Student: 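Here it is: the structure, laid out below.
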There are 2 protein chains.
Amino acid sequence: MAHPKAPTLWDRSREIAVAAILDTALRLFAEQGYDATTMAEIAKEAGISQRSLFRYFGSKEDLVCGDQDGLGRLLKDTVEAQPPDVSAWDALRAGFETIMVARHTPERVLRIATLIFSTPSLRARYVEKRLRWQADLVPAIESRMGIADAPAPDPRAPAVIAATFACADTATELWVRSGGRADVAALFDEAISAVRT
Amino acid sequence: MAHPKAPTLWDRSREIAVAAILDTALRLFAEQGYDATTMAEIAKEAGISQRSLFRYFGSKEDLVCGDQDGLGRLLKDTVEAQPPDVSAWDALRAGFETIMVARHTPERVLRIATLIFSTPSLRARYVEKRLRWQADLVPAIESRMGIADAPAPDPRAPAVIAATFACADTATELWVRSGGRADVAALFDEAISAVRT
DNA sequence: GACGGCTTGGCAGTAACTGCCAGGTTGGCG
DNA sequence: CGCCAACCTGGCAGTTACTGCCAAGCCGTC
């Protein structure tokens, strides 16, 4: 907060620590499965106390779903940054395109996504986060659809947003099931056009 | 299993017990909130041991989301029972119409739905269950869309299903937020038509 | 070199959940 | 009626995720 010019050497080592912890955690999850891996195990393997592990990542699920938060903001910013004459659908499409490109290395994303899509509790957490993104997008999409703040609640904007997310999730799931070989963007477009006809 | 003619008096008292436990649980949730209510508290209030409470309901979330399972089967059966010339969309619509009517008393449904939609962990669990319903519906919808079992995975049927669920959830959420005064079916149709145009 | 701020680690505690075992209830059979 | 097997119940201990608390250590500053 104080000085953006002060990475303070703590922040730096913190970032390194976070990355290292994340690596060991994902490795253990891959080796033994998510549920069979305990936080105590991860802490020991990473060489830190259990208490600090929980300070870095508020929950076990955050080890996997934590970096989703950044994508949510990115999606919202991208959608809102589209020129006003871009339709709601196209704005959302542009947003998803951005966060698909923003993914670090495809291999890492595939590993994480596979974990999420094959672990019910993680999948639930993942969906829950995306529900919050959807709520954040409603104002931007409503204005793009020419919907004024009416007295009666209007389902149109939330429905379009939710349907777009549904298409993105469908595409992602098939991408995961193909082992990363399918083309996510193409699947997404196919899904959208199937819904809109 | 043995005799369907043997309610065995155990099953009967079990049903009564389940209903009574459910009532006290929902009452406590309404009074103190879901997270602030412990299973120990519910067990004590219901006059059974904590161990038995967990035998009746496998988890705390099942106290609220447990009876969803029946609706999933009902939805699937209704969709599959539609005549073959009914389109995928209309078949899904008929299915949702059925489970909307199948709701017990609207007040009870409203109480439960309000709880689910205002408690993130319950909402996540709820969505997770519905994700499994969606997977069950894919074959029926694919055949209705004239999609043969192809070598390449096809996103169209899952996308249509997921979009329909998204519309249903949107309608339900607005219905909950209106305190049960809005017309769910009308909201659902508005949502669908907004998505499909 | 002492001080204040920040981090870390251990410890105890809570709450959801599970396995195990003893004890009581129910239902069928002689 | 008596007995046995099947079943359910309750309590107990244990696991795991997660939290608050407090002492100990590290870092930059005066």
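Bear in mind that the values here come from a model prediction, so they are computed numbers and not experimental data. Order of the sequence lines fixes the chain letters, A, B, ..., with proteins taken first and strands second; residue numbering starts at 1 for each chain.
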Student: Under a 4.5 Å cut-off applied to non-hydrogen side-chain atoms, are B/Tyr56 and B/Leu63 in contact?
Tutor: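 No; the side chains remain at least 4.5 Å from each other.
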Student: Quick check on contacts: within residues 111-126 of chain B, what sits under 4.0 Å from DNA chain D by heavy-atom distance?
Tutor: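 Of all residues in residues 111-126 of chain B, none places a heavy atom under 4.0 Å from DNA chain D.
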Student: Sequence neighbours left out, what passes side chain to side chain donor-acceptor pair (under 3.5 Å) with A/Ser52? Give chain and number order.
Tutor: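 With neighbours one apart ignored, the set is A/Ser49.
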Student: Salt-bridged, A/Glu142 to A/Arg156, with N to O below 4.0 Å?
Tutor: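 The answer is no: the pair does not qualify as a salt bridge.
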Student: Applying side chain to side chain donor-acceptor pair (under 3.5 Å) between B/Tyr126 and each of B/Arg123, B/Glu128, B/Arg130, report the one that passes.
Tutor: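 The option that passes is B/Arg130.
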Student: Sequence neighbours left out, what passes ring-ring contact (aromatic ring centres under 6.0 Å, His included) with B/Phe165? Give chain and number order.
Tutor: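 ring-ring contact (aromatic ring centres under 6.0 Å, His included) check on B/Phe165 returns B/Phe96.
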Student: For a quick test of your reading: what N or O donor-acceptor pairs under 3.5 Å do the side chains of residues 69-78 of chain A make, sequence neighbours left out?
Tutor:
| from | atom 1 | to | atom 2 | distance (Å) |
| --- | --- | --- | --- | --- |
| A/Asp69 | OD1 | A/Lys129 | NZ | 3.0 |
| A/Asp69 | OD2 | A/Lys129 | NZ | 3.3 |
| A/Thr78 | OG1 | A/Leu74 | O | 2.7 |

Student: Check the pair A/Gln32, A/Thr37 against side chain to side chain donor-acceptor pair (under 3.5 Å), reporting the backbone distance first and the verdict last.
Tutor: CA-CA 6 Å; A/Gln32 335 174 326; A/Thr37 305; 3.2 Å; yes
Student: Let's see if you get this right: which residues in residues 20-45 of chain A place a heavy atom under 4.0 Å from DNA chain D?
Tutor: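 Only A/Thr37, A/Thr38, A/Met39 qualify.
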Student: Are the charged groups of A/Asp85 and A/Arg144 less than 4.0 angstrom apart, N to O?
Tutor: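 So A/Asp85 does not pair with A/Arg144 through a salt bridge.
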Student: Output the residues of residues 51-64 of chain A in contact with DNA chain C, where contact means a heavy atom of the residue under 4.0 Å from an atom of the strand; sort by number or write none.
Tutor: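 Contacts with DNA chain C under 4.0 Å: A/Arg51, A/Ser52, A/Arg55, A/Tyr56.
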Student: Within this structure, what is the CD-to-P distance between A/Gln50 and C/dC11, rounded to whole angstrom?
Tutor: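 It is 12 Å, rounded to the nearest whole Å.
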Student: Does any non-hydrogen side-chain atom of B/Trp133 lie less than 4.5 Å from one of B/Ile161?
Tutor: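 No, too far: nothing below the 4.5 Å cut-off.
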Student: Any salt bridge between A/Glu173 and A/Arg177, counting N to O under 4.0 Å?
Tutor: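 Salt bridge present between A/Glu173 and A/Arg177.
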